[in-house]
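Hydrogens, waters and symmetry mates play no part in the numbers below; they use all other heavy atoms, side chains included.
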Amino acid sequence: MKKLFIMSIAFLMGAMTFTSCSNNDDDNNTGDTDKYSNKIYGQDAISKCEALIAQLQSANRAIETAKLTSDQEQYLRNVLQGVVSNVIIPTYTDLANDVEDLEKTLNGLTTSTITQTQIDKACDDFKKARQHWERSEAFLMGAASDFSIDPTIDSWPLDRKELLDYFKGGMKAQIEDESSILGFHALEFILFRNGQNRKVAELQGNDTYKNFESISGVDELKYAQQVCKLLKERCFQLQVAWEGKTSANASRASVVEAANLDIVTEKGLSYGENLINAGVSGKNSTFPTLQSAITQVLSFSEGSCVAIANEVGTAKILNPFQNGDIAYVESPYSYNSITDFQDNIRSIRNVWFGSTNGNAASNSFNNFFASVNNTVNTSVVSAFNNAISSIGNMPAPFVKYCSVIWNKNFDDPTNWNSTTE
């Protein structure tokens, strides 16, 4: 399961300049063997995440301590409205669309008729969905946290021993929510290996992964279909919980209700309404003030922009790279780790800009600070751009980088289990 770690990173080196590299794990620096043994790239990525945390906290303090005029309060309410309407709901809707496509693709796969084109389509669907999920992690507050959606669909590291036992037990064991053999990373293991889409011949026969040689592709595809059904229900839940029930999402709301999943806050609001109505008398928001809602969005310890910047720096990167916990590498089978990390930071950018297109919307934190304290704004923008760039400068795939640094084989069963507490 994912865990957050707040710690001082005294060993980190200061900001340095490197040549920009590709954002894709599968073609970034794979031929430069010297980079894999050089720790400076990982250290710099962690350092830039730490710098981003500091700038976000500074921005939040500026709002917390300001004596806002009525016009500024209204503007910030409009900012929250924009974050909900132009970032959160569209991101979750796109996520739900992509997971629905993935389920349709997987449900058409049988070992007697399977083609490489079908597998490739499933892998493409997976990566599209994965991008939207990773770009949602700056706003895990609300439904994703309250209903344990995040740990249910995105727990890692995948427990390969538990998954192997599950298959060997005839797939009869009850799997609880928040199990580390559910969600994206279980699907990733079945669809990808060594950064490549799985091959038809392997899924028509038995697995070739060490210790999984007795596991058939038939069982793996069956499991992938079951996992994806649960993933779809939870992604539908995210969309409906934030958007509220509408005529447009009625069919998805029905799926969520049939699965007995909750979609409203403890006071009966959609999560979008809950955030927008922060501090408004009689609206039943769980946020007592406008500033408390902004703090939750920008710098609260859980489910915020600061929280995901911290998780990327002091967990996703630091645990395997600095602490040698090789099993903790996220997305090791698809080689999508670095893209995932960058998309996490892009989720912060999207919240700050109030849009998903990389440009600041008229009502945005970016424009608010540009008008009242542009130093804060430029510092935040520079910090998330620097973090994205520095993460992309790490040699890819990230799992190989960590393996070389620590002289460990990720696939070796002795390294299957994470030591992180």
Side-chain angles (χ1 to χ4, degrees), residues 22-28 30 90-136 152-154 156 158 163 167 171 181-209 212 215-239 249 251-252 255 330-340 342-343 346 356 396-397 399:
S22 165
N23 291 344
N24 297 318
D25 275 15
D26 56 1
D27 61 7
N28 180 21
T30 52
T91 299
Y92 282 147
T93 300
D94 287 341
L95 171 64
N97 291 342
D98 292 336
V99 172
E100 186 172 37
D101 286 345
L102 175 59
E103 187 195 36
K104 289 177 181 177
T105 302
L106 286 174
N107 283 345
L109 300 184
T110 64
T111 53
S112 59
T113 62
I114 192 171
T115 67
Q116 190 63 48
T117 298
Q118 288 176 308
I119 298 172
D120 294 343
K121 174 64 164 57
C123 292
D124 186 55
D125 291 341
F126 175 91
K127 285 191 173 182
K128 288 178 180 177
R130 186 73 185 158
Q131 179 187 80
H132 286 117
W133 169 253
E134 294 301 287
R135 292 190 183 189
S136 79
T152 296
I153 71 174
D154 196 36
W156 94 89
L158 177 74
L163 183 60
F167 281 130
M171 303 170 64
I181 64 170
L182 289 175
F184 279 109
H185 296 293
L187 288 171
E188 182 199 7
F189 179 80
I190 291 170
L191 291 174
F192 301 89
R193 296 294 166 76
N194 299 318
Q196 302 296 316
N197 301 349
R198 291 284 293 278
K199 303 304 180 187
V200 168
E202 186 174 26
L203 287 168
Q204 287 179 326
N206 279 13
D207 204 330
T208 58
Y209 195 81
F212 277 74
I215 309 305
S216 70
V218 172
D219 285 345
E220 289 182 322
L221 287 176
K222 180 180 178 182
Y223 186 61
Q225 290 160 356
Q226 294 171 346
V227 167
C228 196
K229 177 179 181 294
L230 298 174
L231 180 65
K232 181 192 74 173
E233 291 170 352
R234 290 300 205 153
C235 292
F236 283 6
Q237 183 186 20
L238 283 167
Q239 179 190 346
N249 69 30
S251 62
R252 291 181 175 178
V255 170
E330 187 178 26
S331 300
Y333 312 105
S334 61
Y335 285 3
N336 215 51
S337 310
I338 289 174
T339 298
D340 281 0
Q342 290 178 309
D343 281 335
R346 291 184 181 108
T356 59
V399 65

> To the nearest 0.5 Å, how far apart are OG in Ser136 and CD in Gln131?
11.5 Å
> When you look at Thr110 and Thr113, which way does the side-chain hydrogen bond (donor to acceptor under 3.5 Å, both in side chains) test go after all the steps?
CA-CA 6 Å; Thr110 64; Thr113 62; 2.6 Å; yes
> Backbone N or O of Cys228 within a donor-acceptor pair of the Glu103 side chain at under 3.5 Å?
no
> Between Asp343 and Arg346 (salt bridge meaning N to carboxylate O under 4.0 Å), is one present in this structure?
yes
> Return the minimal non-hydrogen interatomic distance between Gly217 and Thr111, and the atom names on each side.
C-CG2, 4.1 Å
> Between Arg198 and Glu220, does any NZ, NE, NH1 or NH2 come within less than 4.0 Å of an OD or OE carboxylate oxygen?
yes
> Could you measure the distance from the CZ atom of Phe189 to the CG atom of Asp207? Nearest 0.5 Å is fine.
5.5 Å
> What's the separation between atom CD1 in Ile190 and atom CG in Leu163, rounded to the nearest 0.5 Å?
6.5 Å
> From Leu187 CG over to Leu182 CG, what is the distance, rounded to the nearest 0.5 angstrom?
9.5 Å
> Roughly how far, to the nearest 0.5 Å, is CG of Asn107 from CD of Gln225?
5.0 Å
> Kindly indicate whether the side chain of Trp133, heavy atoms from C-beta on, has any atom under 4.5 Å from the side chain of Asp98.
no
> Thr91 and Arg135: which non-hydrogen atoms are nearest, and at how many Å?
CG2-O, 4.1 Å
> Out of curiosity, Lys104 NZ to Leu102 CG, how far, rounded to the nearest 0.5 Å?
11.5 Å
